[in-house]
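Here the structure is laid out as structure tokens; the discussion comes afterwards.
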Protein chains: 2
Amino acid sequence: MAATATKLEPRGRLSAADWEEAALATLAESGLGTVAVESLARRLGVTKGSFYWHFATREALIKAALERWEKSDEEIVVAQLDAIADPRERLRELFRRVSREMPSHVIYAALMQSLDHPLVRPVMARVSQRRLDVLSLAYRQAGLGRNEAGHRARLAYSAYTGFLQLSLQLGLQRLGHEDFEAYVDHVIATLVPA
Amino acid sequence: MAATATKLEPRGRLSAADWEEAALATLAESGLGTVAVESLARRLGVTKGSFYWHFATREALIKAALERWEKSDEEIVVAQLDAIADPRERLRELFRRVSREMPSHVIYAALMQSLDHPLVRPVMARVSQRRLDVLSLAYRQAGLGRNEAGHRARLAYSAYTGFLQLSLQLGLQRLGHEDFEAYVDHVIATLVPA
DNA sequence: TACATTCCATACGCTCGCGTATTGATTTCG
DNA sequence: CGAAATCAATACGCGAGCGTATGGAATGTA
């Protein structure tokens with residue numbers, strides 16, 4: 001009957017990867033601040049003793065989890081997107097992707113709330129720069145000038161990260177599936193050149 | 001020669017207001033997490049003993065500081081803005097205000113990084129709702145339909161909060177005074193209907 | 001089976017920040 | 001001036017989390 005169903009994920013012995021996954025899961029649920037070793041241990045059905053065999057320190061775990069996430073994010077968000085030739089359609093698809101594959105965005109949003117923390121900031125700086133570059137390139141290919149494209153990319157990316165913050169962290173009117181579609185359409189109409 | 005010039009603000013005895021101001025200053029500088037009573041005490045040139053005479057608990061201080069900020073923010077951002085009759089010009093001025101009066105925006109951005117924390121979230125929810133309403137109204141008066149106005153307001157506000165996060169927290173290319181003006185112009189051109 | 005490696009539990013120490021208790025100084029004011 | 005009220009210093013207790021030490025169980029392997 002435990003309301004907070006602390007789902008213990010793996011059953012047998014644990015590997016470093018298990019801890020990293022658990023860390024990312026907890027991160028997505030309640031932020032980096034709650035990623036504590038004793039808490040994770042309970043979640044996994046073991047104790048600290050286990051953790052410190054796999055990792056030297058809590059920071060080491062965070063570092064590993066971040067690398068794991070950054071890698072998967074790199075593939076998901078960026079890679080399978082270059083396929084779309086038409087830049088305008090690529091932009092539209094990019095905006096739509098925010099709804100699908102939410103899990104990765106949830107972690108993104110959680111990490112953006114921990115931009116203090118020396119390990120997180122550089123990761124998010126790289127991730128953000130990559131996304132900005134993708135956007136900027138698409139806008140250039142869509143016909144905008146160098147400066148225009150840069151500004152529009154920054155605007156679009158700001159809207160993206162801001163929207164996630166308002167929705168997931170602030171919890172501002174959760175915006176049902178219906179209205180969300182309408183909103184995305186409006187964003188596309190406003191930010192994607194005809 | 002102390003690099004981190006921990007400026008002790010008031011000289012004589014302290015009042016509750018002094019602690020609140022110091023809390024807001026520290027908040028703006030390094031986030032809510034660093035708003036600790038012993039730290040503030042050092043900053044003010046006293047010790048904990050003083051603090052706990054003025055406040056029952058750290059949370060009480062935060063609560064008071066938040067009320068103080070919300071009040072001042074309410075006046076600055078909202079009040080002296082209804083003056084501008086033309087909604088389009090009002091929107092333009094609104095975007096420009098992000099550059100001036102940075103201090104309040106810095107505190108805003110810092111608080112948006114602490115949306116966990118039970119005292120902060122409701123405050124930011126109210127503040128955000130007010131600003132969204134202001135935007136939405138302006139867009140309606142500018143001729144947009146009910147839904148259009150709501151969506152555009154959300155988009156503009158997302159861009160606002162996202163931009164602050166990217167600039168102040170992530171530190172993404174600090175964007176010199178020159179480029180910043182150009183960016184704001186681009187935003188206005190993109191988000192304010194002709 | 002024997003032995004090494006891998007994984008985990010228990011118990012402990014340490015630091016940091018909050019909050020309390022107590023005493024002391026400094027105003028304020030009758 | 002003397003007493004009350006106001007503001008502050010010192011010392012202490014406490015819980016949360018990290019990290020360490022050490023022994024024990026489980027798994028592989030010769």
Side-chain angles (χ1 to χ4, degrees), chain A residues 4 6-27 29-66 68 110 113-114 116-120, chain B residues 4 6-27 29-66 68 110 113-114 116-120:
Chain A
T4 54
T6 46
K7 54 198 164 191
L8 346 168
E9 354 237 287
R11 263 295 148 223
R13 318 273 289 276
L14 298 179
S15 72
D18 293 324
W19 287 93
E20 297 168 16
E21 294 293 354
L24 288 176
T26 301
L27 169 66
E29 290 169 10
S30 43
L32 188 60
T34 68
V35 177
V37 335
E38 273 144 317
S39 165
L40 285 177
R42 276 190 300 275
R43 181 197 188 104
L44 292 170
V46 294
T47 66
K48 305 167 44 140
S50 171
F51 177 84
Y52 285 100
W53 190 89
H54 295 284
F55 296 92
T57 164
R58 173 181 182 265
E59 296 294 281
L61 168 67
I62 292 176
K63 187 171 159 65
L66 285 175
R68 174 174 289 260
Q113 290 301 118
S114 299
D116 55 338
H117 200 298
L119 290 177
V120 172
Chain B
T4 53
T6 46
K7 54 198 162 191
L8 346 168
E9 353 238 290
R11 263 296 149 223
R13 316 274 288 276
L14 298 179
S15 71
D18 293 325
W19 287 94
E20 297 168 16
E21 294 293 354
L24 288 176
T26 302
L27 169 66
E29 290 169 10
S30 43
L32 187 59
T34 67
V35 177
V37 335
E38 272 145 317
S39 165
L40 285 178
R42 277 190 298 276
R43 181 196 189 104
L44 292 169
V46 293
T47 67
K48 306 168 42 145
S50 170
F51 176 84
Y52 285 101
W53 191 89
H54 295 283
F55 297 92
T57 165
R58 173 180 182 265
E59 296 294 281
L61 168 68
I62 292 175
K63 187 171 159 63
L66 285 174
R68 172 174 290 261
Q113 291 301 117
S114 300
D116 54 340
H117 201 299
L119 289 177
V120 172

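Small disclaimer: the values here were computed from a predicted structure and weren't measured. So that the names make sense, note that chain A is the first sequence line, chain B the second, and so on, each numbered from 1.
- Side chain of B:Arg43 to main chain of B:Ala23: no donor-acceptor pair is present (N/O by atom type, distance under 3.5 Å, no hydrogens or angles).
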Protein heavy-atom contacts under 4.0 Å, written 5' to 3' over nucleotides 11-19 of chain D as B (base), S (sugar-phosphate only) or - (none), form the string ------SBB
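- Summarising the geometry, atom CG belonging to B:Leu24 is positioned 14.0 Å from atom CH2 belonging to B:Trp19; distances are rounded to the nearest 0.5 Å.
- In this structure, B:Leu44 atom CG and D:dC7 atom P are separated by 14 Å, rounded to whole Å.
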Is there a side-chain contact (heavy atoms from CB on, under 4.5 Å) between A:His54 and A:Asp18 once you walk through the steps?
CA-CA 10 Å; A:His54 295 284; A:Asp18 293 324; over 6 Å; no
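- A donor-acceptor contact shorter than 3.5 Å is absent between the side chain of B:Ser50 and the backbone of B:Thr47.
- Taking atom CG of A:Leu40 as the reference point, atom P of C:dA9 lies 14 Å away to the nearest angstrom.
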Check against side-chain contact (heavy atoms from CB on, under 4.5 Å), A:Lys63 and A:Glu59:
CA-CA 6 Å; A:Lys63 187 171 159 65; A:Glu59 296 294 281; over 6 Å; no
Go through it in stages, so that I can follow the logic: the residues are B:Leu61 and B:Leu40, the test is side-chain contact (heavy atoms from CB on, under 4.5 Å), and I'd like the CA-CA distance, side-chain angles, deciding distance and then a yes or no.
CA-CA 11 Å; B:Leu61 168 68; B:Leu40 285 178; 3.5 Å; yes
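- Rounding to the nearest 0.5 angstrom, the gap separating the CG atom in B:Leu32 from the CG atom in B:Leu66 is 7.5 Å.
- In this entry the distance linking CZ of B:Arg43 with P of C:dG17 reads 16 Å, nearest Å.
- Straight-line distance from the CG atom of A:Asp18 to the P atom of C:dT6: 17 Å, rounded to whole Å.
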side-chain contact (heavy atoms from CB on, under 4.5 Å) between B:Phe51 and B:Leu44, intermediate numbers included
CA-CA 10 Å; B:Phe51 176 84; B:Leu44 292 169; over 6 Å; no
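- With rounding to whole Å, A:His54 atom NE2 is found 10 Å from C:dA9 atom P.
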Collect all protein-nucleotide pairs involving nucleotides 4-6 of chain D in which both atoms are nitrogen or oxygen and the distance is under 3.5 Å.
residue	atom	partner	partner atom	Å
D:dT6	O2	B:Arg13	NH2	3.2

